[in-house]
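Here is the structure we will look at.
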Amino acid sequence: MLGEYELRCVKCGRTYRADPWTIVCPHCGGLLEPVFRRKPLGVSWALFRTRKFGVWRYKELLPRVRPISMGEGGTPLIKIGERLWVKYEGSNPTGSFKDRGMTVAVSLAKEANVKSVICASTGNTSASVAAYASRAGMRSFVVLPRKKVARGKLAQAVLHGATIVEIDGPFDAALDVVMKVSGRESGLYPLNSINPWRLEGQKTLAFEIVDEIGVPDWVVLPVGNAGNISAIWKGFKEMRELGLIDKMPRLAGIQAAGASPIARALKEGLSEPIFTDNPETVATAIRIGRPVNWPKAFKALSESRGVVEIVTDGEILEAQRKLGKMGVGVEPASAASYAGYLKLLGREISPDDRVVLVATGHALKDPDAFPFPEPVRASSVDEAVEKIRGLAL
Ligand code: AN7
């Protein structure tokens with residue numbers, strides 16, 4: 001299994017035989033990146049397009065496994081402006097982009113005969129882990145920050161049969177638990193984005209954008225644990241290396257004001273994040289104070305001549321409302337893309353640029369995030385008819 005790959009440490013540069021259980025560098029603890037040992041041959045857009053749109057369309061560029069799949073990826077690219085699109089990841093099987101990575105990592109885990117998986121999560125990862133583990137016939141354990149996971153996501157973890165562990169502390173503490181308890185000895189396979197095979201699946205988001213509209217000038221996305229921005233950049237780099245594209249986009253990483261360790265650091269010109277132990281934002285999906293994938297994300301932002309932006313909770317909710325009025329329902333973390341775009345427009349981003357906003361999760365994930373105005377009330381059919389007539393005039 002995985003003979004087509006080796007794992008390279010992004011910190012010390014050592015390489016290892018690819019193995020599903022090798023999660024971080026055995027030598028220095030650094031993040032690992034899967035790299036092809038030989039350039040995949042015969043890949044072309046024409047070949048890809050003989051297959052259904054979605055993650056596994058690009059199977060030559062993914063681990064050669066028997067996919068545990070529910071039709072992830074292949075999400076709509078919704079045009080909301082002359083040169084502006086939303087990549088609507090809410091259309092994935094569990095309603096977020098996490099499914100792209102989960103189909104790959106869970107397929108690998110299944111082939112490695114894993115019986116139980118575990119993750120820490122602000123919510124979406126746990127929903128995806130629970131669903132894909134059940135589909136694969138595995139048990140799942142999800143470690144969550146107490147009272148800080150949106151209702152819809154928690155409901156999914158319950159529905160798909162995960163064992164739920166709540167911890168008093170943020171996501172970062174939950175991830176500490178997972179890093180301590182997972183491994184060959186406990187048999188618990190970790191499915192956070194520190195697992196390089198998750199990101200290998202998530203890179204297909206870049207493939208799909210190019211497949212539909214070519215290379216945009218900008219890809220704008222929310223940054224939490226910084227896995228997705230790393231994965232998307234890996235996707236673009238691979239396309240360039242394989243001759244599938246000949247230019248590169250710039251990346252814009254958006255963080256919430258109360259959880260902005262990466263954006264604050266880069267704005268100040270620092271080379272490491274400004275970690276916080278008390279992240280806070282209405283966008284609970286990205287309520288993360290110590291993003292583990294920061295070395296990959298810093299590299300992606302620097303290589304892409306990228307930018308970062310910080311948005312307030314008020315700006316996030318306003319952007320969510322504006323997208324809602326366009327018919328596009330996203331959860332608060334995803335609205336951060338649009339909020340960040342609006343701030344960058346006319347500065348780093350020109351109105352002439354072609355821009356893709358990544359909307360990472362569905363609005364239904366977090367129905368408590370936005371205010372519900374008082375409805376028009378009626379106690380009879382006649383009264384309802386009369387009131388509606390009056391309002392419609
Ligand atoms: C909707 O579910 O970290 O920067 O545990 O759910 O790759 O972490 C979720 C992250 C953006 C940030 N948008 O992505 C989890 C979790 C939504 C998310 C992010 C998340 P990364």
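The shown structure was predicted, so the numbers you read here are calculated from the model rather than taken from an experiment. Order of listing sets the numbers, starting from 1, for every ligand and every atom in it.
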Problem - Shortest protein heavy-atom distance from atom 6 (O) of ligand 1, along with the residue and atom involved - result: N124 ND2, 2.7 Å
Fill in the blank from the handout: ligand 1 to S121, heavy atom cutoff 4.0 Å, flagged ligand atoms 2 (O), 5 (O), 15 (C)
Problem - Proximity flag A226 to ligand 1, non-hydrogen atoms under 4.0 Å - result: yes
Completion exercise
min-distance protein heavy atom vs atom 14 (O) of ligand 1 -> F97 CZ, 3.5 Å
Completion exercise
heavy-atom search around atom 19 (C) of ligand 1 in the protein gives I286 CG2, 3.6 Å
Practice task
Measure the distance from atom 17 (C) of ligand 1 to every protein heavy atom, then report the residue, atom name and distance (to 0.1 Å) of the closest one.
Solution key: T360 OG1, 3.3 Å
Exercise for the section: For K267, look at atom NZ and say whether over 12 heavy atoms of other residues, nucleotides or ligands are found less than 6.0 Å away. Expected result: yes
Handout entry: Side chain S334, main chain G361, donor-acceptor under 3.5 Å
Key = yes
Exercise for the section: May I ask you to decide whether R287 forms a salt bridge with E280, counting only side-chain N to carboxylate O separations under 4.0 Å? Expected result: yes
Exercise for the section: For K98 and ligand 1, answer yes if some heavy atom of the residue is under 4.0 Å from a ligand atom, otherwise no. Expected result: yes
Practice task
Can you pull out the closest protein heavy atom to atom 7 (O) of ligand 1? Residue, atom name and distance to 0.1 Å, please.
Solution key: N228 N, 2.8 Å
Exercise for the section: Consider ligand 1: state whether an atom of it lies below 4.0 angstrom from any non-hydrogen atom of G123. Expected result: yes
Problem - Polar atom proximity, I229 to ligand 1 (N or O, under 3.5 Å) - result: no
Handout entry: Side-chain ion pair, K147 and E166, N-O less than 4.0 Å
Key = no
Handout entry: Proximal ligand 1 atoms for G227, defined as those under 4.0 Å from one of its heavy atoms
Key = 4 (O), 7 (O), 21 (P)
Practice task
State plainly whether the residues K237 and E303 are in salt-bridge range, i.e. N to O under 4.0 Å.
Solution key: yes
Handout entry: Carboxylate-amine/guanidinium contact K98 E72, below 4.0 Å
Key = no
Practice task
Kindly say whether L61 contributes a backbone atom to a donor-acceptor pair with the side chain of K203 at under 3.5 angstrom?
Solution key: yes
Exercise for the section: List the closest protein heavy-atom neighbour of atom 18 (C) of ligand 1: residue, atom name, distance to the nearest 0.1 Å. Expected result: A285 CB, 3.5 Å
Exercise for the section: Could you tell me which non-hydrogen atom of L32 sits nearest to which non-hydrogen atom of K296, and how far apart they are? Expected result: O-NZ, 2.8 Å
Problem - Heavy atom of the protein closest to atom 8 (O) of ligand 1 (residue, atom name, distance) - result: N225 N, 2.7 Å
Exercise for the section: In plain terms, say whether R100 and E89 are close enough for a salt bridge, that is, a side-chain N and a carboxylate O under 4.0 Å apart. Expected result: yes
Handout entry: For P222, atoms of ligand 1 separated by under 4.0 Å from a heavy atom
Key = 11 (C), 13 (N)
Handout entry: Subset of ligand 1 atoms that lie under 4.0 Å from at least one heavy atom of I288
Key = 3 (O)
Completion exercise
Any heavy atom of E331 under 4.0 Å from ligand 1? The part involved is side chain
Handout entry: Closest approach of any protein heavy atom to atom 2 (O) of ligand 1, naming residue and atom
Key = T125 N, 2.7 Å
Exercise for the section: Check whether any N or O atom of T122, backbone or side chain, sits under 3.5 Å from an N or O atom of ligand 1, and answer yes or no. Expected result: yes
Practice task
Determine yes or no for a side-chain-to-main-chain donor-acceptor pair under 3.5 angstrom, with K79 supplying the side chain and E82 the backbone.
Solution key: yes
Practice task
Show the numbers, then the answer: is there a side-chain contact (heavy atoms from CB on, under 4.5 Å) between L244 and V210?
Solution key: CA-CA 9 Å; L244 293 166; V210 174; over 6 Å; no
Handout entry: Contacting atoms of ligand 1, where contact means under 4.0 angstrom from a heavy atom of V223
Key = 4 (O)
Problem - Ion pair check, E318 and R321, cut-off under 4.0 Å - result: yes
